Amino acid sequence: MANTTVVKVNHMSSPARFDRGHTDDLMTFLTASPSPYHAVANAAERLEKAGFRQLSEQDAWDSGTGGRFVLRGGALIAWYVPEGASAHTPFRIIGAHTDSPNLRVKPVPDTGSQGWRQVAVEIYGGTLLNTWLDRDLGLAGRLSLRDGTERLVNVDRALLRVPQLAVHLDRSVNTDGLKLDKQRHMQPIWGLGDAREGDLIAFLEEEEGLPQGSVAGWDLMVHSIEPPAYLGRDRELLAGPRMDNLLSVHAGVAALAAVSAGGALDHIPVLAAFDHEENGSQSDTGADGPLLGNVLERSVFARGGSYEDRARAFAGTICLSSDTGHAVHPNYSERHDPSHHPRANGGPILKVNVNQRYATDGSGRAVFAAACERAGVPWQTFVSNNSMPCGTTIGPITAARHGIQTVDIGVAILSMHSARELCGADDPFLLANALLAFLEG
């Protein structure tokens, strides 16, 4: 199928196997995944229902067929070994990330001023600060206990709020623009009175029914409690949190589960969902860490392979790095390249940058186009305006670190890095169908 800018897709007559029900399920997944740790736990639960089983990195791995996955922090690597797979069978990888820009709780969280109790937060990633103002916020993440275990926590109710200064006290805000200091202006309130050391963690221990003093560490972040919703007269848009990039994680899980229930494969389908993409991917759970390479190599060696088999498998491997991209903005169209205007419900986008901010080249374009053609979905191309800096993804990192052919794709959205983003309601299932066709090969 040629590159197209089709705007509307009739999902009732589309040959795609995922339909609007996939978007409904995405809304459920977004709501249940307020942190990367919740996202991978929910993904793992879905994969287990599809017959996958969890492996420990500390155990020896067997050579059998079937679905497997590894969890580490906010990252998940899952793969399916088909019947007849050899040690040098190549991989087909969907890459994505589980983290989103937000506000994260500091090591000493209890603070306050002028009779207001507040929670000290640090800015994570390149978030749009103003989108967190005057919004009812919950608190989620993981608690590390003194006995060595971990507990997911999700206070999904109106607990926190970052109040904006009234216009009466800043008369220039609508003429000169809103100016926010990350340290002074972004600390949420959660009550009245004086700050008391240990108060927030004691509250979470009580919420979780844990003994007082049992929490030794935490990785906590705020989230908007407003649920995802269809938007517009014809409900053709979807508004919701963390679509960058749980939209791709959700589609990847669905595609991997579906392909594992299908017919014969001449490759091993993989989902690699990393943490810390929004701050550079340099962690033990990020794309610039060793996790993916270690898992793929161990899979080769578990099937009796050698380093030669590993090299052969990697040489034939292809990765689709799936992350959200920019839909053309109706109020700022001059910020986009004049001949590349991705539109909502126009299908997934191919992301291109000759300076390797995206890993796509001409041969990768052909791979993606073939998958979309097999899936019967339209697709579009994104390239940055030459006068604007281009973002990046896990794609170039994956290509450079592992020597794997990588193609950057995704779904076009508005309000990227906002506490609440916007996409076409058909695009999530169109992406999932393209990913499934790619995994089927």
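For clarity, every value in this text was computed on a predicted model and none was experimentally measured.
Taking Arg68 as the reference, Asp62 meet the salt bridge (charged side-chain N to carboxylate O under 4.0 Å, His left out) condition, with sequence neighbours excluded. For Asp170, there are no salt bridge (charged side-chain N to carboxylate O under 4.0 Å, His left out) partners two or more places apart in sequence or in a different chain. With sequence neighbours excluded, no residue forms a side-chain hydrogen bond (donor to acceptor under 3.5 Å, both in side chains) with Arg184. With sequence neighbours excluded, the residues forming a salt bridge (charged side-chain N to carboxylate O under 4.0 Å, His left out) with Asp134 are Arg161, listed by chain and number. Glu122 pairs by the salt bridge (charged side-chain N to carboxylate O under 4.0 Å, His left out) definition with nothing, not counting sequence neighbours.
For the side chain to side chain donor-acceptor pair (under 3.5 Å) with His417, the lone residue among Thr324, Thr127, Asp244 that qualifies is Asp244. Ser281 pairs in a side chain to side chain contact (heavy atoms under 4.5 Å, CB included) with only one of the listed residues (Ile394, Thr398, Asp99, Thr393), which is Ile394.
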#### Entry: side chain to side chain donor-acceptor pair (under 3.5 Å) between Arg343 and Asn345, intermediate numbers included
CA-CA 6 Å; Arg343 300 175 184 269; Asn345 288 335; over 6 Å; no

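Between Trp190 and Phe203, the angle of the ring planes goes over 60°, which puts this pair in the perpendicular group of the 30/60° scheme. Using bins of under 30°, 30° to 60° and over 60° for the plane-to-plane angle, the ring pair Tyr358/Phe382 lands in the perpendicular bin.
The closest side-chain heavy-atom distance from Cys372 to Phe438 is not below 4.5 Å.
If you check the side chains of Asp275 and His97, you find no donor sitting under 3.5 Å from an acceptor. His340 and Thr381 share no side-chain donor-acceptor pair at under 3.5 Å. In this model, no donor atom of one side chain and acceptor atom of the other lie less than 3.5 Å apart for Ser299 and Trp61.
Surrounding CD of Glu334 are more than 12 heavy atoms belonging to other residues, nucleotides or ligands, all under 6.0 Å away.
We find the CG-OG distance between Leu152 and Ser35 to be 6.5 Å, quoted to the nearest 0.5 Å.
Judged purely by atom type and a 3.5 angstrom limit, Ser418 has no side-chain atom pairing as donor or acceptor with the backbone of Glu421. Side-chain atoms of Arg235 never come within 3.5 Å of backbone atoms of Tyr230 as a donor-acceptor pair (strictly under, hydrogens ignored). Remark: side-chain polar atoms of Arg151 are not paired, donor with acceptor, to backbone N or O of Arg142 under 3.5 angstrom. Remark: the backbone N or O of Ser172 is paired with a side-chain donor or acceptor of Thr175 at under 3.5 angstrom.
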Under 3.5 Å, which donor-acceptor pairs do the side chains of residues 286-293 form with other protein atoms, sequence neighbours left out?
residue, atom, partner, partner atom, Å
Asp288, OD2, Gln282, NE2, 3.3

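A salt bridge links Glu57 with Arg72: the closest approach of a Lys/Arg side-chain nitrogen to an acidic carboxylate oxygen falls below 4.0 angstrom. Salt bridge annotation for Asp25-Arg46: present, with a cationic side-chain nitrogen under 4.0 angstrom from a carboxylate oxygen. Here Glu48 does not pair with Arg53 in a salt bridge; the nearest charged N to carboxylate O distance is not below 4.0 Å. Residues Asp426 and Arg20 are paired through a salt bridge, judged by an N-O separation under 4.0 Å between the basic side chain and the carboxylate.
Two rings, from His250 and His22, have their centers less than 6.0 Å apart. A distance below 6.0 Å separates the ring centres of Trp379 and Phe368.
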